[in-house]
Structures are given as C-alpha cells and as structure tokens.
Amino acid sequence: TLSSSSAASDVYKRQQPTPEALAAAAGLELAPPPPPDEQLATIISPSLAPAVAQSLHAAGGDHPCALVFCNKAVHADALAAGLRLHGLRAATYHRAVPRAERESALRALSRERAPGDDDDVPIVLVCTDAAARGLDLPAVEHVVHAEFAQNAVSFLHRSGRVGRAGRAGRVTCLYTRDDAELVAQLRAAMDAGAALEPVFSRRRSFRKRIRRARDGEAAAVAAARPPP
C-alpha cells in the first residue's frame, strides 16, 4: 500500500507533460532523434571508428574479415555502430549479446565468402575478450586492438586469433598518447624475444609518469602566460 505522499508523487509523475506536448503547446517542433547507430557512436572518441575503418580497409580492401577488440561491451557496441556508419558490415560479440545472436555472427564470420552472397555477412566482429579464447575462426585475417589490452594474457590471446593453422594474418594495435611508452617497450620486448608480462606490469607507472609530465607542461605554460 502506498502512503499518501508516495501516491501523490506517483500521480504527479504520471501527469508530467512530455517534451513533445510542451513543444506543441509552444508552437515548436522537436528535431527527430538521431538514428540508433549515430546515438551509440557518440559514446566513444569520434576519431576511433574512422581509424579502425581505415585500418580494416588498408588490410582487407573492401572485404575485410576481422575481429576488432574493445575493453568494454558498451564500447564494442558503440564502435560497431560507428563502423556501420562508415559502410562496414559490423556485428558485436560480448556476453551481453544474446547467445543466438552471438552464434549467428560467428557462423556468418566463419563461412566462406563468395562475390555473390557476402552483402549480408557481418565480416567485422567487434568484441570484448569474450572472443579472445576458445573460438576457431579460420576466415579471420585481421585482428585490431581498438583499445589496448589490459594485460599480456589478453594481448596475446587477442592477437592469436589470426595466423592459425599456418595461415597468414595481421594484427593492428591502435593506441593513444597515454600508451605510447608502453607500445615502445612492447616492440622492444618482441624484437628481443622477451616476455611481455613485465612490460604490462609497468603500465600503471607509465601512465602516472605521463600525467606528471603533462601537469608539469601545463604549469610551465601557466607560469609563462602574462598576467591579465
């Protein structure tokens, strides 16, 4: 049973006019909401989807068959939406996607592509680390780390989705300024055939050092600025 105050609040909420009703009363017309993909794509950096699309086209022409990894499910959804806006057939794979949809996307990605029947095949699968292990996808030619892996195990498992059974493959890592030093250390470790785990374990200290450097730059600029 609702108390009188709760009941009054409940009735008040139900009687609140909608934005459409308010606009109509004022003689205004609301702009239509953007399409779902455009709404989703705003969650991530506006430069990410174009960078991934460019990487996919450079590696696979007009028909890239690729896995694109993000660190969060919401980022995977947003990036897939952004890639669709760039004309790529993109689906998502993470644990929040219903199992039937995940299985359908995997079947589409796994089947052999033919010139006459590939228009409805989602040939770019934007995923989280849920797709980094246990999947056999021999058709995948390209793995893109759209967001840098959080640890060496994830990095290696993501990258290991290509080049299986003697097939050729490509791995692309997109990174920001914050990860530049980490990338340099990873390259050095791979060139030397050294383990990657110690490099990832220093990732937090890399970022702290970068933040301190940026704070120092900002302070220097502020000190050099003439007083108003």
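The model shown is predicted, which means the values in this text are computed figures rather than measured ones. All heavy atoms count here, side chains included; hydrogens, waters and symmetry mates do not.
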Of the options H157, R158, R95, which is the one that meets D129 in a side-chain hydrogen bond (donor to acceptor under 3.5 Å, both in side chains)? R158
Close side-chain approach of [X] to [Y], heavy-atom, < 4.5 Å:
| X | Y | value |
| --- | --- | --- |
| R170 | T172 | yes |
| T128 | N71 | no |
| T92 | C127 | no |
| L125 | L106 | yes |
| H142 | V144 | yes |
| V143 | F69 | yes |
| V126 | C70 | yes |
| V124 | R89 | no |

Spacing of CG belonging to L135 relative to CZ belonging to R102, to within rounding of 0.5 Å: 10.0 Å
Evaluate the criterion side-chain contact (heavy atoms from CB on, under 4.5 Å) for residue pair L67 and Y93; output intermediate values, then yes/no. CA-CA 10 Å; L67 293 177; Y93 187 99; over 6 Å; no
Check [X] against [Y] and note the closest heavy-atom contact, atom names and distance.
| X | Y | result |
| --- | --- | --- |
| A80 | A90 | O-CB, 3.8 Å |
| L56 | A66 | CD2-CB, 3.4 Å |
| R161 | A132 | NE-O, 3.1 Å |
| A146 | L48 | O-CD1, 3.7 Å |

With a cut-off of 6.0 Å (strictly less than), are more than 12 heavy atoms of other residues, nucleotides or ligands near CD of Q54? no
What pairs with L156 under side chain to side chain contact (heavy atoms under 4.5 Å, CB included), at least two apart in sequence or on another chain? L196
Check side chain to side chain contact (heavy atoms under 4.5 Å, CB included) between P138 and all other residues, then give those that pass, not counting sequence neighbours. D136, R167
Shared hydrophobic cluster, L88 / L174 (ILVMFWY, side-chain heavy atoms < 4.5 Å): yes
Relative to each other, are the rings of F155 and F148 parallel, tilted or perpendicular (30° and 60° limits)? parallel
